[in-house]
Q: 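Sharing a structure below in structure tokens format, with a few things to ask.
Just so you know, residue 1 is the first one in the sequence shown, and it goes up from there. In each ligand, atom 1 is the first atom listed, and ligand 1 is the first ligand listed. A quick note: this is a predicted structure, and the numbers were derived from the prediction, not measured.
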Amino acid sequence: MAPRVRFAPSPTGYLHVGGARTALFNWLYARRTGGAFILRIEDTDAERSSADMVTGILDGLGWLGLDWDEGPGVGGPHTPYFQSQRVERYRAAVANLLEAGRAYRCYCTAERLRDERERAEQRGEAWQYDRACLALTGDDRRAREVSGAPYAVRFRVRDGHTAFDDAVHGTIAFATANVEDFVILRSDGLPTYHLSVVVDDVDMQITDVIRGDDHISNTPKHVLLFEALGSPVPRFAHVPLILGADKKRLSKRHGATSVMEYARQGYLPDAMVNFLALLGWSPGDDRELMSRQELIDSFSLGKISGGNAVFNTDKLDWMNAQYLARMPVDELAGHARAVIEEAGLAGSPLVRDEASFFRLLELLRPRVKRLGDFVDQGRPLLASAVQYDADAIEKHLTAPGLVDHIAVLAESLARVSPFDEPHVEGAVRGTAAGRGIKAGMLIHAVRVALTGRTASPGLFEMMALLGREETIARLNALITFLAARK
Ligand code: GLU
């Protein structure tokens, strides 16, 4: 049977990078093996879950391009894919387990459980449910049933040992004595996570459970439940945690953790997918830049590392820059236009004319790490008026006679033909030579005239791109500015 895997987020927050990486590994495995990737929303905690969060998670997966074969919006043979709509199934499973003697009603109050736990802690012992309600006599039980006392349902953990296979950690064996009789149905009639996740994995015929390491301690309970429900136990792959640069668990302190925040910051989905894939997995050679297809072709659960993965933002920036550098310019134009429009700079002729826009992108591309850098780097060229930076003024606009040098250059540029890179360069160098000044000095001043900054892409390329009229207009604006300062 072809593998069936699932991503099962709880919609209590947006899609964070850890969840996205788990989803990606499931997706890659399904695409690699020709299996099915199922999306299941674990929204039984009504207070903490919200429809907005569901939308946020779907948007995040959509942005990353991780399409699911069954789940919300797609449907499938196991509809519904929202746990909040499957509660009857969980109750039916509990009824079966009760019937088979694999579960029992527990009438213990929260106070009693808390007191017992505290007493054990004072003795320095870990407390595990003492099976008080398993020991009730038939009469005690009937009396409680008749009185309508509230109860939870606990799973009756069998004696002995069991084990599960983990693609990352190998075979993990455990003694069931360390697993308490855990609650599967709360006194409010709602299932616990342990029950719903296993009932759904059984129903949805999940063959491989790929999820975060933080669930590894739950797995013994799940294995026992699979067994009790008479179902084969899936294979597991518990993937390592993602840590920040300081080796602490990745959190907001380290910067953005929501996938859509990375989208807003101007990372490309392909770069993000490539980066996330290498968090805890490697193709087994030293490749780093890998297309989706290459990732699919090389993916295997066995190559997931057991050690924790470190989220290195510099590496993500580098990777994104590589994707931006390699992307065909017409595709890049779509992404860049969106951020430039958002910044209100799309009115520039350099954006409106496609050939100029492509040239602008080529000019800026080597200096760009994120899409937003097209705005920062492009702003001086795209804005209608140049703002001169204070340090640029101080560094490059104080030479004596500068107004005259610029005026002469403007005249020379009025005659240059064609107005292309070599010819404007000739005009700048020729003017400097004619005026007996260093070309570098004139170049720096012209850079400030065109961009207001001390650093920019190549000056002659910028002049050629702006064109004769705009270049001269900017030189004249500088002359006016300098004259006003005298
Ligand atoms: N809903 C669980 C979570 O978001 C995942 C459950 C699982 O993968 O087994 O952590």
Q: Just going by heavy-atom distances, which of His222, Glu42, Arg211, Arg40 is nearest to atom 9 (O) of ligand 1?
A: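 That would be Arg211.
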Q: Which part of Phe7 is near ligand 1, with near meaning a heavy atom under 4.0 Å away: side chain, backbone, both or neither?
A: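 Neither part.
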Q: Could you list the atoms of ligand 1 found under 4.0 angstrom from a heavy atom of Tyr193?
A: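 Selected atoms, number and element: 6 (C), 7 (C), 9 (O).
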Q: Pull out every atom of ligand 1 sitting under 4.0 Å from any heavy atom of Ser10, numbered as shown with elements.
A: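 Once the distances to Ser10 are compared, the set is 1 (N), 2 (C), 3 (C), 4 (O).
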Q: With heavy-atom distances below 4.0 Å as the criterion, list the atoms of ligand 1 near Val197.
A: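 Every atom of ligand 1 under 4.0 Å from some heavy atom of Val197: 9 (O).
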Q: Among protein heavy atoms, which sits nearest to atom 10 (O) of ligand 1, and what does the distance come to when rounded to 0.1 Å?
A: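 Nearest neighbour among protein heavy atoms for atom 10 (O) of ligand 1, to 0.1 Å: His215 NE2, 2.9 Å.
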Q: Do Arg114 and Glu111 sit within salt-bridge range, that is, some charged N less than 4.0 Å from a carboxylate O?
A: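 Looking at Glu111 together with Arg114, the answer is no, because their closest N to O distance does not fall below 4.0 Å.
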Q: Between Glu88 and Arg86, does any side-chain N to carboxylate O distance fall below 4.0 Å?
A: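 No, Glu88 and Arg86 are not salt-bridged.
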Q: Looking only at heavy atoms, which two atoms of Leu278 and Ser282 are closest? And how far apart?
A: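 Shortest heavy-atom contact: CD2-CA, 4.4 Å.
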Q: Only heavy atoms of Arg6, strictly under 4.0 Å: list the atoms of ligand 1 that pass.
A: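 So the atoms of ligand 1 that pass are 7 (C), 8 (O), 9 (O).
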Q: Which atom names give the shortest non-hydrogen contact between Ala277 and Leu24, and what distance separates them?
A: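 Minimum heavy-atom contact is N-CD2, 3.5 Å.
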Q: Is the distance between the ring centroids of His161 and Phe174 under 6.0 Å?
A: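 Centroid separation for Phe174 and His161: 6.0 Å or greater.
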Q: Indicate whether the side chain of His215 and that of His238 have a donor and an acceptor atom separated by less than 3.5 Å.
A: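 Judged by distance alone, the side chains do not pair up.
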Q: For Ala8, is at least one N or O under 3.5 Å away from an N or O on ligand 1?
A: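 Min N/O separation from ligand 1 is below 3.5 Å for Ala8.
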